[in-house]
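Take a look at the structure below.
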Amino acid sequence: MAAPAVVFVSPAPLPRPSTVTEHRRATLRGLDSCRSMPELRQYHSRLIRLGLSEDNDSVGRLIKFLALHPSGDLPYALHLLGLLPRPDPFVFNTLLCALPSPAESLLLYSDMLLRSAPNSFTFPSLLKPISAGRDIDAGRQVHAHVLKLGFHPDVFSQNNLIRFYFSCGLAVDARRVFDTMARTDVVSWTTMISGLSKLGSVDEARELFDGMPERNSVSWNAMIAGYVQCGRFKNAFELFDRMRTEGIELDKFVAASMLAACSRMGALEQGEWIHGHIERMGIELDPKLGTTIIDMYCKCGCLDEAFKVFRGLSCRGLSSWNCMIGGLAMHGHGKEAVKLFDEMMKEGVIPDDITLLNVLSACAHAGLVSEGRRYFNYMVGEFRIEPKMEHFGCMVDLLGRAGLLDEAKQVIQEMPMDADAGVLGALLGACKIHGNVDLGEEIGRRVIELDPLNSGRYVLLANLFASVGRWDDAAQVRRLMNDRGVNKEPGCSTIEMGGVVSEFIAGGKSHPQAREIYAMVDEMLERIKSEGYAPDTRGVLHDMDEEEKENPLYYHSEKLAIAFGLLNTRTGDTIRITKNLRVCRDCHAASKLVSKVFDREIIVRDRNRFHRFKGGECSCRDYW
DNA sequence: TTAGGGTTAG
């Protein structure tokens, strides 16, 4: 128990009884707006002098501050509770939701049953830490008490039970609570929608959404965010349009959800529109919303705009810095990312593990090997951040990409935990880049066993064999993949034009302009041949199945998207493409030449990073 | 007192 944090300011005489009530009122008002511990101590001493140490209203307010304020003192709050002869439910409820663990909350609740009595605020408070701690047993006990003590008609308690069951992944139990409620409100429905979406049952969520008796912007956003979280952007956009048709005002939460959709899709025009709308409506940019906008611009390839928003934010969160550093990393601007990190440190912002991950990633993408090593060492030595799996993965990528395969391997051997498929995958990728088939084979087989459902792992190993003409081994890996029922993820590129996102699958012909697009690809290839283009088939398997034989290199999805872009934009316009896989060598070489021959800037976001093709060069300087 | 938004290596 912490020492009583009481400061006796001055031994003032006790006021006359007639004025105690006034003093009490003034003190209660003051406590409600109390902002710091020193201020609280002043009020506490005044309460003692007024003889109010056992007054629930007064001490309850002290406890509320001590329990909930960031600079509070929870042990002391509990101490004060112990001193109250007849604590009321309010005091208990305040502490119930502030305790850090379900076990402690439950213990306090049993104390409450002896010294006070639950009211309708008790169960929501109690379920908060239990949901956060995902303690199924504790939650079920509370559920039993809700029923036993007759609180089942209370909507707040029931809504919190729904939330509790979802937080533990128990959708059936959540649904049972919802279905048996005597009365539901918009929060009950929205909690169901949000909970179902988070567990992946977004269609069931939609059924509920369509059947809701009333909706508010929170409900709309829960459904829209549900679609965004599971990658169903088209549904998200459709619902967003419907929401606007129905005259529901776009608030900052819906804006943030839609911006996240734009980020994931690379839909710059839509993202710009929402950003403009936020400004037009005068919606305040809090650090979260600001970060979402920065992320949208970074992921849509507009670093300058991202920086403008970043610099303009009156209040930056750590995430804003992380996001901007990560954005620079993704675009291969390693030195700028490191510079921004230094600026952040100068401003006294304490980095976290994500900051360091982004800094290391920036070094990896830009080939800044010694800087990367230095920051990795700083991480432990200076910042006291324990490196996680991801940081080791990043180091392996940094070293491996630079050709330091032995050192990368050493990092894996010396890691305090067993390397996962991601870390080994980084080394496998490096083996592919540097043509180290022996090490690649050893690592590749381990990666496949660790991550047997990921088609990319098989393809990488098979391509590694194919690149040195080991066709039988390549075919064997490919067969293994097929035997296990793993399908290769088809290459897919999207391009946004006039707010409409068009999608191209490698070799696909379903687009209405397909004929023109294919003709344009042929023209493109013909024209770049004169600049020295020769198809690079090193990345192509020769044991492809029938479907893929029809989809050769020439019609990879990004080539189709570029052709579509050339056909449908004006001379000089930048063509922006988002791809689901990594750009292959051949498309990379072709894109560089197309940017030169057609005098176009082409920005491609692939699975890992951005490539900005201009004048025959790529921003990655072929280091990717 | 309950429901909605942000950053994360390859």
Side-chain angles (χ1 to χ4, degrees), chain A residues 90 93-94 96-97 119-128 131 154-164 166 185-195 197-198 216-226 228-229 251-260 263 286-296 298-299 317-327 329-330 352-365 387-398 400-401 420-430 447 454 456-457 460 582 607-609 624:
Chain A
F90 170 82
N93 295 340
T94 306
L96 282 175
C97 64
N119 65 10
S120 62
F121 286 48
T122 301
F123 299 102
S125 305
L126 183 52
L127 284 164
K128 195 177 160 190
S131 300
D154 178 60
V155 185
F156 278 78
S157 298
Q158 297 288 341
N159 288 349
N160 278 283
L161 280 169
I162 296 175
R163 187 174 74 138
F164 152 70
F166 275 125
D185 64 7
V186 65
V187 178
S188 326
W189 290 78
T190 307
T191 309
M192 285 300 297
I193 288 164
S194 167
S197 301
K198 284 188 179 126
N216 59 20
S217 70
V218 182
S219 336
W220 281 93
N221 185 48
M223 194 63 243
I224 290 173
V228 176
Q229 279 150 14
D251 69 7
K252 67 174 177 175
F253 294 97
V254 179
S257 296
M258 289 310 299
L259 283 166
S263 301
D286 62 28
K288 279 189 180 187
L289 186 58
T291 303
T292 318
I293 298 171
I294 293 168
D295 189 48
M296 184 276 292
C298 285
K299 297 229 167 88
L318 175 59
S319 299
S320 320
W321 289 93
N322 287 352
C323 187
M324 201 60 238
I325 293 171
M330 230 181 341
D352 67 358
D353 55 330
I354 295 171
T355 321
L356 266 298
L357 189 60
N358 288 347
V359 171
L360 292 178
S361 157
C363 294
H365 282 300
K388 293 205 251 182
M389 189 73 84
E390 291 84 349
H391 298 94
F392 288 108
C394 216
M395 280 312 285
V396 170
D397 180 47
L398 168 86
R401 226 192 265 259
D420 68 0
V423 177
L424 292 174
L427 184 56
L428 174 59
V447 173
N454 185 332
R457 314 289 190 198
L460 197 52
R582 293 191 65 175
R607 176 172 271 191
N608 290 345
R609 58 163 296 151
W624 50 287

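In the text below, chain A, chain B and the rest are named by the order of the sequence lines, each starting its count at 1.
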Which part of the nucleic acid, if any, lies within reach of [X] when heavy atoms closer than 4.0 Å are counted: base, sugar-phosphate only, or nothing?
X	answer
A/N216	base
A/S157	nothing
A/S120	base
A/D353	nothing
A/T191	sugar-phosphate
A/K299	sugar-phosphate
A/R401	sugar-phosphate

What pairs with A/L318 under side-chain contact (heavy atoms from CB on, under 4.5 Å), at least two apart in sequence or on another chain?
A/N322, A/M344, A/V349, A/D352, A/T355
Please identify each residue that fulfils side-chain contact (heavy atoms from CB on, under 4.5 Å) with A/L424, with sequence neighbours left out.
A/I412, A/A419, A/I443, A/R446, A/V447, A/L450
Considering only side-chain heavy atoms of [X], which listed nucleotide, [options], is closest?
X	options	answer
A/A222	B/dG4, B/dT8, B/dT2	B/dG4
A/V254	B/dG5, B/dG4, B/dT7	B/dG4
A/C394	B/dA9, B/dT7, B/dG4	B/dA9
A/T292	B/dT1, B/dG6, B/dG4	B/dG6
A/T190	B/dG5, B/dA3, B/dG6	B/dA3
A/K198	B/dT1, B/dT8, B/dG5	B/dG5
A/S361	B/dG5, B/dT2, B/dA9	B/dA9
A/F156	B/dT1, B/dA3, B/dG5	B/dT1
A/F253	B/dT7, B/dA3, B/dG4	B/dG4
A/V423	B/dT7, B/dT1, B/dA9	B/dA9

Taking all non-hydrogen atoms of both residues, which atom of A/P287 and which atom of A/G317 are closest, and how far apart?
CB-N, 3.8 Å
Work out which heavy atom in A/R582 is nearest to a heavy atom in A/W624; give both atom names and the distance.
NH2-C, 3.1 Å
For atom [atom1] of [X] and atom [atom2] of [N], their distance in whole Å:
X	N	atom1	atom2	result
A/L127	B/dT1	CG	P	16 Å
A/Q158	B/dT2	CD	P	16 Å
A/L356	B/dA9	CG	P	14 Å
A/I325	B/dT7	CD1	P	15 Å
A/L289	B/dT7	CG	P	12 Å
A/K288	B/dG5	NZ	P	8 Å

Is it the case that the side chains of A/N159 and A/T191 hold a donor-acceptor pair, with the cut-off being a distance below 3.5 Å and no angle test?
no
Just by distance, with hydrogens left out, do A/D295 and A/T292 show a side-chain donor and acceptor under 3.5 Å apart?
no
So for [X] and [N], does any side-chain atom that can act as donor or acceptor lie under 3.5 Å from a complementary atom in the base?
X	N	answer
A/D251	B/dG5	no
A/N159	B/dT2	yes
A/N322	B/dG6	no
A/S217	B/dG4	yes

